[in-house]
Amino acid sequence: MTKLLIIGAGRMAEAVISGLVNKKNSTIQCDDIMVGNKSDKERLHYLKNTYSVKITTDWETEIVHSDVLLIASPPETHETMASIIKDKISGQLVITVAAGIDPSYLEKRLVPGTPVCWIMPNTAAQLGQSMSIYTCGQNVSSEHRTIIDMILSSIGEAEELSEQQVHDLTAITGSAPAFFYTFVQALETAAQDYGISKGQARNLVIKMVRGSVTMLENGGEPEELIAQVASPGGSTAKGLEVLEESHFKRILLESVKATNKHARSQGDKV
């Protein structure tokens with residue numbers, strides 16, 4: 001039995017709660033989960049009524065009764081969180097899901113020897129479909145890893161990377177869904193410009209995306225798949241020319257760099 005204290009009650013906290021509660025053979029059940037939030041009592045009661053978890057507006061007092069602390073609050077709160085937690089923990093595993101708050105950051109602010117982990121999920125965690133990346137601090141044991149793996153598997157799939165790689169790839173797995181949804185928006189708008197409804201446009205684009213992803217999952221290489229669609233001198237090739245002239249790939253690369261730069265600065269600011 002593992003007692004989990006989740007500090008924060010937002011979407012990512014709910015995704016973890018939902019995943020664990022619905023996961024078969026989980027050693028963390030609803031009775032083992034305490035959710036703490038100081039200001040939004042309505043949100044706390046929603047989580048309690050929906051998932052049968054325990055709630056508190058005084059999470060500091062629950063630290064000593066917990067085995068794992070999962071901080072699901074914004075980066076700017078972590079300096080205060082760490083100062084509070086430092087005086088109350090005694091070997092508990094501390095996990096954060098905040099951008100820019102890496103193991104080095106936590107280890108510098110908590111009691112020496114504290115096991116820490118940094119998880120970067122994406123919003124598909126709400127459906128158990130996150131592609132999370134994560135990295136562990138130097139004091140994480142095999143027992144801690146079992147707990148980390150259980151939490152991660154409850155919200156989707158995960159890849160363990162180095163601390164620097166999590167910083168570098170936050171934009172790819174965490175933020176790129178927003179880039180993708182922007183692409184979808186543009187296609188839906190283009191479709192509606194030709195006289196179909198929003199619902200029809202959404203259906204067309206979703207089915208196109210699903211089929212395209214399936215082609216990639218079945219081993220297709222992007223260059224080969226592009227060539228299958230775009231014959232030389234054809235209509236698709238003309239569309240690709242416009243993307244190339246607009247520096248589509250370069251814009252995406254610059255978006256990734258800008259995202260990572262800002263995310264990295266979150267840990268530097270606090």
Can you check side chain to side chain donor-acceptor pair (under 3.5 Å) on Lys41 and Thr57, steps first, answer last? CA-CA 8 Å; Lys41 294 181 181 179; Thr57 55; 5.6 Å; no
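- Across Gly36 and Leu5, no two heavy atoms sit closer than the pair N-CD1, 4.5 Å.
- Closest heavy-atom contact between Ala263 and Thr170: CB-CG2, 4.4 Å.
- Val116 and Leu161 are members of different hydrophobic clusters when ILVMFWY side chains are connected at heavy-atom separations under 4.5 Å.
- Gln192 CD: more than 12 foreign heavy atoms inside a 6.0 Å radius.
- Taking the ring centre of Phe248 as origin, the terminal cationic atom of Arg250 falls outside the region bounded by 6.0 Å and 45° from the ring axis.
- A donor-acceptor pair is defined here as one N or O able to donate and one able to accept, closer than 3.5 Å; such a pair exists between the side chain of Thr114 and the backbone of Val111.
- Taking 4.5 Å as the limit, every side-chain heavy atom of Val53 sits out of range of all side-chain heavy atoms of Met34.
- Ion pairing of Arg202 with Glu188 is present here, as a side-chain N (NZ or NE/NH1/NH2) and a carboxylate O approach within less than 4.0 Å.
- Other residues sharing the hydrophobic cluster of Leu216, ordered by chain and number and joined by side-chain separations under 4.5 Å: Met215, Leu225.
- By the criterion of side-chain heavy atoms lying less than 4.5 angstrom apart, applied directly or through intervening Ile, Leu, Val, Met, Phe, Trp or Tyr residues, Leu70 is not grouped with Val166; the two fall into different hydrophobic clusters.
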Using side chain to side chain contact (heavy atoms under 4.5 Å, CB included), reason through Thr135 and Asp102 one step at a time and then give a plain yes or no. CA-CA 8 Å; Thr135 188; Asp102 55 32; 5.5 Å; no
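- Listed for the Asn22 side chain is a donor-acceptor partner under 3.5 Å among the backbone atoms of Ser18.
- Between the side chain of Gln29 and the backbone N or O of Val21 there is no donor-acceptor pair closer than 3.5 Å.
- Put simply, the side chain of Thr77 gets close to the backbone of Pro74: a donor and an acceptor are under 3.5 Å apart.
- Between Ser52 and Cys30, the shortest heavy-atom distance links the atoms O-CB, 3.6 Å.
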Would Ile71 and Ile85 count as a side chain to side chain contact (heavy atoms under 4.5 Å, CB included) if you check the C-alpha gap in whole Å, the side-chain angles of each, and the deciding distance to 0.1 Å? CA-CA 11 Å; Ile71 308 175; Ile85 291 169; 3.8 Å; yes
Side chain to side chain contact (heavy atoms under 4.5 Å, CB included) evaluation trace for Leu4 with Ser66: CA-CA 6 Å; Leu4 171 64; Ser66 304; over 6 Å; no
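- For the atom pair CD1 of Ile151 and CD1 of Ile119, the computed distance is 6.0 Å after rounding to the nearest 0.5 Å.
- Taking the side chain as every heavy atom from C-beta outward, Val64 and Ser90 never approach each other to under 4.5 Å.
- Residues passing the side-chain contact (heavy atoms from CB on, under 4.5 Å) test with Arg11 are Gln126, sequence neighbours excluded.
- For the pair Lys23 and Ser154, the tightest heavy-atom approach, listed with the atom from each and the gap, is CD-CB, 4.0 Å.
- A continuous path of ILVMFWY side-chain contacts below 4.5 Å connects Leu20 to Leu44, so both sit in one hydrophobic cluster.
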I'd like to know whether Leu253 forms a side chain to side chain contact (heavy atoms under 4.5 Å, CB included) with Val256, so could you lay out the CA-CA distance, the side-chain angles of the two residues, the decisive distance to 0.1 Å, and finally the verdict. CA-CA 5 Å; Leu253 290 173; Val256 167; 5.7 Å; no
Going through the checks in order, is the side chain to side chain donor-acceptor pair (under 3.5 Å) test met by Ser104 and Glu163? CA-CA 8 Å; Ser104 295; Glu163 186 172 291; 2.9 Å; yes
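- Using a 4.0 Å cut-off between charged side-chain N and carboxylate O, Glu14 and Arg43 make a salt bridge.
- Nearest heavy atoms, Gly8 versus Val35: O-CG1, 3.6 Å.
- The CD1 atom of Ile84 sits 9.5 Å away from atom CG of Asp87, with the distance rounded to the nearest 0.5 Å.
- Its side chain within the 4.5 Å cluster rule, Val205 clusters with Phe180, Tyr181, Phe183, Val184, Leu187, Met208, Val209, Val213 among the Ile, Leu, Val, Met, Phe, Trp and Tyr residues.
- Distance CD/Glu157 to CE/Met131: 6.0 Å, rounded to 0.5 Å.
- Between atom NZ of residue Lys249 and atom CD1 of residue Ile251 there is a gap of 13.0 Å, rounded to the nearest 0.5 Å.
- For the pair Glu60 and Lys38, the salt-bridge criterion is met [side-chain N within less than 4.0 Å of a carboxylate O].
- Once rounded to the nearest 0.5 Å, the distance linking CD of Glu160 with CD1 of Ile148 reads 8.0 Å.
- Cluster annotation: Ile95 is not connected to Met120 through the hydrophobic network of ILVMFWY side chains, with a link wherever side-chain heavy atoms come within less than 4.5 Å.
- Partners of Gln164 under the side-chain hydrogen bond (donor to acceptor under 3.5 Å, both in side chains) rule, at least two apart in sequence or in another chain, are Asp168, Arg264.
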After noting the C-alpha distance and the side-chain angles of Asn260 and His167, does the key distance pass the side chain to side chain donor-acceptor pair (under 3.5 Å) rule? CA-CA 7 Å; Asn260 284 338; His167 279 294; over 6 Å; no
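- Taking the charged nitrogens against the carboxylate oxygens, Lys3 and Asp67 have no contact shorter than 4.0 Å, which rules out a salt bridge.
- Linking ILVMFWY side-chain heavy atoms closer than 4.5 Å, directly or via other members, places Ile155 and Ile33 in a single hydrophobic cluster.
- Taking the side chain as every heavy atom from C-beta outward, Thr259 and Phe179 approach each other to under 4.5 Å.
- In this structure, Lys261 does not pair ionically with Glu254, as no charged nitrogen and carboxylate oxygen lie closer than 4.0 Å.
- Annotation for Leu204: hydrophobic cluster partners, listed by chain and number, are Ile196 (ILVMFWY side-chain heavy atoms under 4.5 Å, direct or chained).
- The aromatic rings of Tyr51 and Tyr46 sit perpendicular to each other, their planes meeting at more than 60°, with 30° as the lower class boundary.
- Residues satisfying the ring-ring contact (aromatic ring centres under 6.0 Å, His included) test with His144, not counting sequence neighbours, are none.
- Once rounded to the nearest 0.5 Å, the distance linking CE of Met81 with CD1 of Ile7 reads 5.5 Å.
- Smallest separation of non-hydrogen atoms from His65 and Thr61: CD2-O, 3.5 Å.
- Thr96 places no side-chain N or O within 3.5 Å of a backbone atom of Trp118 that could act as its donor or acceptor partner.
- Within the 4.5 Å cutoff, the side chain of Asp32 has no heavy atoms near those of the Thr2 side chain.
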